[in-house]
Number of protein chains: 4
Amino acid sequence: MRIKDDMKQAALFEATVKLVNEIGFSASSVSKIAKEAGVSPATIYVYHKNKEELIVSTYIDIKQDMSRAVLEGFDPTLPIRDIFQNVWLNMFAYISEYRNYVQFTEQFASSPYNELVNHQEIEKYFKPVIAVLQRGISQKIIKDVDFDILATFIFYPILTLSNARLCRTVKLNDAMIEKAFTLAWDAIKL
Amino acid sequence: MRIKDDMKQAALFEATVKLVNEIGFSASSVSKIAKEAGVSPATIYVYHKNKEELIVSTYIDIKQDMSRAVLEGFDPTLPIRDIFQNVWLNMFAYISEYRNYVQFTEQFASSPYNELVNHQEIEKYFKPVIAVLQRGISQKIIKDVDFDILATFIFYPILTLSNARLCRTVKLNDAMIEKAFTLAWDAIKL
Amino acid sequence: MRIKDDMKQAALFEATVKLVNEIGFSASSVSKIAKEAGVSPATIYVYHKNKEELIVSTYIDIKQDMSRAVLEGFDPTLPIRDIFQNVWLNMFAYISEYRNYVQFTEQFASSPYNELVNHQEIEKYFKPVIAVLQRGISQKIIKDVDFDILATFIFYPILTLSNARLCRTVKLNDAMIEKAFTLAWDAIKL
Amino acid sequence: MRIKDDMKQAALFEATVKLVNEIGFSASSVSKIAKEAGVSPATIYVYHKNKEELIVSTYIDIKQDMSRAVLEGFDPTLPIRDIFQNVWLNMFAYISEYRNYVQFTEQFASSPYNELVNHQEIEKYFKPVIAVLQRGISQKIIKDVDFDILATFIFYPILTLSNARLCRTVKLNDAMIEKAFTLAWDAIKL
DNA sequence: GATGAATGAGTGTTCATTCAT
DNA sequence: CATGAATGAACACTCATTCAT
């Protein structure tokens, strides 16, 4: 038995992201993805059980990649504000470099595919950040609000700022990223 | 000749929203929508040029409806904070009653269909709110930040809070809505 | 009861010819023909039993019109050659003025619709010409060949010369028409 | 992987010719052709880009086949009359054996599909015959008339004689073919 | 492992026709 | 007489997937 070809695996990943971003889930047929990746449609079924699994696994791969990038240089001993600021900067760096990945996850998250993934599994990747949030609440640094509401104000705006339309009209520079972080921090801090 | 049936028009609207929310744009075929609405697939083409136009017009109808609801009782003579609080309360009322509509618009906004609508046309509906925002900035009540960033922190979190998962786990009560508004206001206020 | 509107009848005739010539029988749908004629699709069914009858009756109308034109000035007392020359000239005059009608009949004749018309009925219109042909044979002026073969050489080339492609590249002038008639006559004369 | 099946290709060709002759282009739907050929409608799209290409390629295949048959035993050293007589005999032999193919080309030629083929490409197949025609003119054996008019009298009558109705009523025998050729030759010879 | 051929099921859309007005 | 609304049936075509190689 030959070994599965990592190049093909990667080509399929990139082709899936690219096509879904360009033409949406609906129009991204298996054969179009195969052609974009330079393989036969049948080959996709060597690597993935079916189309659904191809798309869901692409999403999970991105989320894993994203969490690794976001937690880079994570230091729980720093002041809480600095920890969050570091997370923001990592996030923006990631978004700048891999905007297409983020765009894919946004489309995915608001599609019915979203129901097929184990979100607890994915939240696990971001656990350290959540822990800091909880520490902040107990230390009366962060508002004592339902966790989901806090998350909405810290994490969601970052994603939104990466929106295609926004990023096209506003080229985000360091000063603006700073300011944006200030808004997020003001929202959650006590 | 028969006259166009408003009941059919409305049934198509509801069927489109329902199906897209349940199974996504991709799987919401014209014939499924027709069956859900209780009409023949061909009848859809009496009311809409094609599937795309059916979906886009559904989106626009919702956005119009939403803006009407959000601006209810809008009073530009009130203090700025009160104006925004009113918008929030309207928004939440709308989301509570028509969560399915909001869910539809979210999925729509991150799909390629989004590129087909004239967003300036839609933003027009929300013009009064935007004007207040600008007044707040010039009166040094609101942070002098790029408008898109402010919007990200005021409007988008509301939508996110309507997220299916969140709303399922957390039943938002009046106290929480107040708190959530506080976060938004703290983010943008000077 | 109002009287059927001759204007509408004529508009339908012209619309049918025009559309069939431009896009063929297949693509000439009832509703397109109706739109071209400026009436409702339903109105067509006031004047014609169905689409088939609309097209067949259009064909028959043209054939009748054509026979009237071709036999103009028909004089059986003239020499046989002159009679045929007169028919040719009439035919060319007709083709020049109503090329679109001729084009329609050609397409019709090689389509399965052709089986639906009573050809003996139509040949009747051209009976005088056929009689002259038979007289020519018995007077040893015209070759004693099966009638269908003779007809092939006299009448068919005229139609072919009206072919769109040909008429585009060659503008038929009087001299050429004369020459073309000479070929036809040489073919059948003894 | 499986290899493309020549049997299927041929079955599609025959099914297309048969159906178009029987019910016309319009009524010859892709699924009917597929059923007649004993394949799935989807399979047609393995062999042809779309319906149009299926029909046009069927036409071109026939024309190529026909030219091969017509030029059989072509000998430019023979007297010009003999060359043309040979072409006629080949043509009739072809028409007798493959009347359905010829019928298809006639219907095709007067349909809008006709505009989709490169006619110069097809005329190329018949180039040797055209060359002889031109030689005949310069040697004062053939009338000095526009080439298109000559062609109308030599080639088209043959096709017309293959007409379904005619061939049904008149069984063309060798003597009649001879006579018919005489008419054609008398038409063009000086 | 990798693939192009093959397909049943489905797509969005248009059709000829009927119906209520 | 005239019509736009309405539709079942059909259209050309694409889909996700399987299969033989």
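Keep in mind the model is a prediction, meaning the values are calculated, not measured. Excluded from the calculations below are hydrogen atoms, water molecules and symmetry mates; all remaining heavy atoms, backbone and side chain alike, are included. Order of the sequence lines sets the chain letters (A, B, ...), proteins ahead of strands, with each chain counted from 1.
Following rounding to the nearest Å, A/Ile55 (CD1) and F/dA16 (C1') show an atom-to-atom distance of 11 Å. Rounded to whole angstrom, the span from the CG atom of D/Leu54 across to the P atom of F/dC11 amounts to 15 Å. Atom CD in D/Gln9 sits roughly 13 Å away from atom C1' in E/dA5 (whole-Å rounding). Rounded to whole angstrom, the span from the OH atom of B/Tyr113 across to the P atom of E/dG12 amounts to 8 Å. Regarding B/Leu12, its CG atom lies at a distance of 14 Å from the P atom of F/dA5, rounded to whole Å.
Nearest heavy atoms, D/Gln107 versus C/Pro112: OE1-CD, 3.5 Å.
Using a 4.5 Å cut-off on side-chain heavy atoms (C-beta onward), A/Leu116 and A/Ile55 make no contact.
Defined by atom type and a distance below 3.5 Å, a donor-acceptor pair is missing between the side-chain atoms of C/Gln103 and C/Tyr98. Side chains of C/Gln64 and C/Tyr125: a donor on one and an acceptor on the other come within 3.5 Å.
Paired regions of DNA chain F, where each region holds three or more successive Watson-Crick or G-U pairs whose two hydrogen-bonding distances fall under 3.5 Å, are E:2-21 with F:2-21.
Annotation: side chain to side chain contact (heavy atoms under 4.5 Å, CB included) contacts of B/Thr43 (sequence neighbours excluded): B/Lys8, B/Val39, B/Ser40, B/Tyr47. Residues passing the side chain to side chain contact (heavy atoms under 4.5 Å, CB included) test with B/Ala15 are B/Ile33, B/Glu36, B/Ala37, sequence neighbours excluded. Residues that satisfy the side chain to side chain donor-acceptor pair (under 3.5 Å) test with D/Glu53, not counting sequence neighbours, are D/His48.
The ring of C/Phe25 has its center closer than 6.0 angstrom to the ring center of C/Tyr113.
Using a 4.0 Å cut-off on heavy atoms, the residues of residues 27-36 of chain D that approach DNA chain F are D/Ser29, D/Val30, D/Ser31, D/Lys32, listed by number. For DNA chain F, the residues of residues 37-53 of chain D within the heavy-atom distance limit of 4.0 Å (strictly under) are D/Ala42, D/Tyr45, D/Asn50, D/Lys51, sorted by number.
One finds a side-chain N or O of B/Lys8 lying less than 4.0 angstrom from the OP1 or OP2 phosphate oxygen of F/dA6.
Heavy-atom contacts from other residues, nucleotides or ligands closer than 6.0 Å to CD of C/Gln120 number 12 or fewer.
In this structure a side-chain-to-backbone donor-acceptor pair under 3.5 Å is present from D/Lys51 to D/Ser28. In this structure, the side chain of A/Asn114 does not engage the main chain of A/Phe108 through any donor-acceptor pair within 3.5 Å.
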